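Here's the structure, in structure tokens; my notes come after.
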Amino acid sequence: MTRPPMVVAALLALACVERGEVLNSARVQGDDSAQAGAGGETTHPEPELVISGVAVGLSHSAAVSSGHLFTWGANEAGELGLGDTVERHVPTELTSTQTFVSVTAGGDYTCALDDLGSVYCFGANDRGQLGQGDRQPRTLPVRIPLPRGARVVSNNFEHVCALLADASLYCWGQNFEGELGQDDSPPAGQDDTANDALSPVQVPGTDWSDVSAGDGFTCGVRFDGTLWCWGRNTGHQLGPDGDAQIRHPVQVGSDTDFARVDSGQQFSFALKQDHSLWCWGLNVGSPNDGYPLGIDTSGLDRPTRFGSASDWIAFDTRVFHTCAVNRKNELWCWGRNIEGQLGTGDIDLRSSATHVADGIAAVSVSWFTTCALTTAGHVLCTGKNEHGETGDGTTDRPLRFTDVTPPAR
């Protein structure tokens with residue numbers, strides 16, 4: 001999910017809570033040192049280009065630095081936005097006249113937000129996730145036709161949602177399970193693309209303060225602090241009422257103090273105004289697939305408090321693992337680790353929160369990779385690196401966080 005700094009301040013005011021950023025830190029906290037990995041401290045000189053955002057997709061990654069957009073990793077569908085389909089193993093800058101403020105990565109496509117509120121996407125487009133009215137991939141950024149500037153952009157495997165400046169919400173892309181909130185009918189027969197939105201469509205309501213695109217479902221928070229979800233419901237993603245998909249927004253629980261939400265494959269996490277973290281949905285529990293809810297249970301049918309701490313400022317989840325940052329800028333992760341995505345130096349599963357790094361301001365996780373933004377403005381990545389998505393110049397699998405900060409220009 002992507003939030004530019006100027007928007008974060010407005011969202012925090014609306015939520016009446018000082019909230020941290022997941023992918024784009026509104027306030028760089030702490031000093032110029034960062035401890036990467038469990039136990040070792042590394043001091044970095046202040047870079048000429050300070051990273052303000054980082055995002056991880058299925059097999060590629062991206063970062064924003066001083067208005068410039070860098071990408072690396074797999075590029076079969078053009079998800080690096082470099083005008084070709086050649087993968088890169090180190091951060092490579094896009095040639096663009098836009099001044100980017102944030103970025104978010106999906107399955108094999110990428111979306112970024114510029115300082116004017118325009119959203120640009122590139123890469124795969126088989127479900128209309130580039131919002132251009134067709135299904136043709138693009139290897140260069142294309143502008144999404146939205147009625148006004150965006151403040152928050154979130155995407156997942158094949159759909160995207162954007163929160164606009166007037167608090168309206170637009171989504172586009174895959175809609176097989178009602179994740180676009182259109183209250184339409186399920187596709188008939190075997191045509192699972194029939195309801196896809198090839199251009200942005202509005203979700204009901206004009207009082208949205210946050211949004212997160214999950215895998216086959218979407219969740220959002222309204223100005224009044226209520227939590228709403230829609231789409232897939234195979235694991236109580238939409239709360240305790242049944243397990244059938246619901247193709248329009250429905251309130252999850254009755255609490256009115258939610259501030260942020262982040263949705264994964266069949267589960268979600270949400271941050272409340274007191275900085276406590278809550279989770280619900282289906283937990284993955286096989287020996288290798290981990291426990292992304294951080295709780296030893298098959299699942300939760302309603303938002304349930306995660307631990308007892310009330311000092312979380314940033315968090316991110318996707319499929320098999322979850323990471324969160326607290327007020328002390330400590331990074332905690334849990335879940336699957338067979339690809340080394342927890343940065344613990346091993347491949348052992350963690351079924352509960354484990355402290356893995358210090359000096360962290362924000363974090364982004366994908367299916368098998370994790371990248372973190374340090375308080376000094378550096379990018380650290382770990383995990384599966386089959387296509388160079390950790391950005392260290394190799395395709396070797398690192399087991400600890402490695403500094404892959406793009407070079408100064």
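In this text, all values refer to a predicted model and were calculated from it rather than measured experimentally. Heavy-atom basis, side chains included; hydrogens, waters and symmetry copies ignored.
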Checklist entry - Between Trp208 and Thr206, does a side-chain hydrogen bond (donor to acceptor under 3.5 Å, both in side chains) hold up when you go through it step by step? => result CA-CA 6 Å; Trp208 298 102; Thr206 56; over 6 Å; no
Cut-off 3.5 Å, side chains only: do [X] and [Y] have a donor facing an acceptor?
| X | Y | result |
| --- | --- | --- |
| Gln266 | Thr234 | yes |
| Thr394 | His89 | no |
| Asp346 | Asn337 | yes |
| Arg318 | Ser366 | no |
| Asn385 | Asp396 | no |
| His248 | Asp183 | yes |
| Gln245 | Arg247 | yes |
| Gln202 | Tyr170 | yes |

Checklist entry - Between Asn329 and Asp358, is a side-chain hydrogen bond (donor to acceptor under 3.5 Å, both in side chains) present by the stated rule, with each step listed? => result CA-CA 6 Å; Asn329 296 116; Asp358 293 313; over 6 Å; no
Item to check | Polar side-chain atom of Ser154 near backbone of Ala213 as donor-acceptor pair, under 3.5 Å | outcome: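 Side chain of Ser154 to backbone of Ala213: a pair is present.
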Checklist entry - So, does Thr405 use its side chain to make a donor-acceptor pair with the main chain of Val379 at under 3.5 Å? => result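 The answer is yes, because a donor-acceptor pair under 3.5 Å joins these two groups.
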Point-to-point distance, once rounded to the nearest 0.5 Å, from [atom1] of [X] to [atom2] of [Y]:
| X | Y | atom1 | atom2 | answer |
| --- | --- | --- | --- | --- |
| Trp367 | Gln341 | CH2 | CD | 13.0 Å |
| Leu380 | Thr390 | CG | OG1 | 11.5 Å |
| Leu342 | His321 | CG | NE2 | 6.0 Å |
| Leu227 | Ser254 | CG | OG | 11.0 Å |
| Asp210 | Cys161 | CG | SG | 11.0 Å |
| Ser59 | Glu386 | OG | CD | 6.5 Å |

Checklist entry - Can you name the disulfide bond (SG atoms under 2.5 Å apart) partners of Cys279, sequence neighbours left out? => result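 Cys279: no disulfide bond (SG atoms under 2.5 Å apart) contacts found.
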Considering only NZ, NE, NH1 and NH2 on the basic side and carboxylate oxygens on the acidic side, decide whether [X] and [Y] come within less than 4.0 Å.
| X | Y | value |
| --- | --- | --- |
| Asp196 | Arg135 | yes |
| Glu339 | Lys384 | no |
| Lys328 | Asp311 | no |

Closest heavy-atom contact between [X] and [Y]?
| X | Y | result |
| --- | --- | --- |
| Leu164 | Arg148 | CD1-CG, 3.7 Å |
| Gly131 | Pro200 | O-CD, 4.0 Å |
| Ser263 | Ser212 | N-OG, 2.8 Å |
| Ser276 | Asp274 | OG-OD1, 2.6 Å |
| Thr382 | Gly340 | OG1-O, 2.9 Å |

Checklist entry - Which residue, Glu179, Glu177, His159, Arg232, forms the side chain to side chain donor-acceptor pair (under 3.5 Å) with Thr218? => result His159
Item to check | Ring centers of Trp332, His355 separated by less than 6.0 Å | outcome: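 Centroid distance Trp332-His355: below 6.0 Å, so yes.
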Item to check | Geometric cation-pi criterion, Arg260 with Phe315: 6.0 Å, 45° | outcome: yes
Next on the checklist: Distance to the ring centre below 6.0 angstrom and angle to the axis at most 45 degrees; does that hold for Arg222 and Trp228?
Outcome noted: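 Checked: cation-pi criterion met.
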Checklist entry - Do other residues, nucleotides or ligands put more than 12 heavy atoms under 6.0 Å from the CD atom of Gln98? => result yes
Item to check | Audit row: Arg88, His60, side-chain hydrogen bond (donor to acceptor under 3.5 Å, both in side chains) steps and yes/no | outcome: CA-CA 9 Å; Arg88 307 301 202 279; His60 73 290; over 6 Å; no
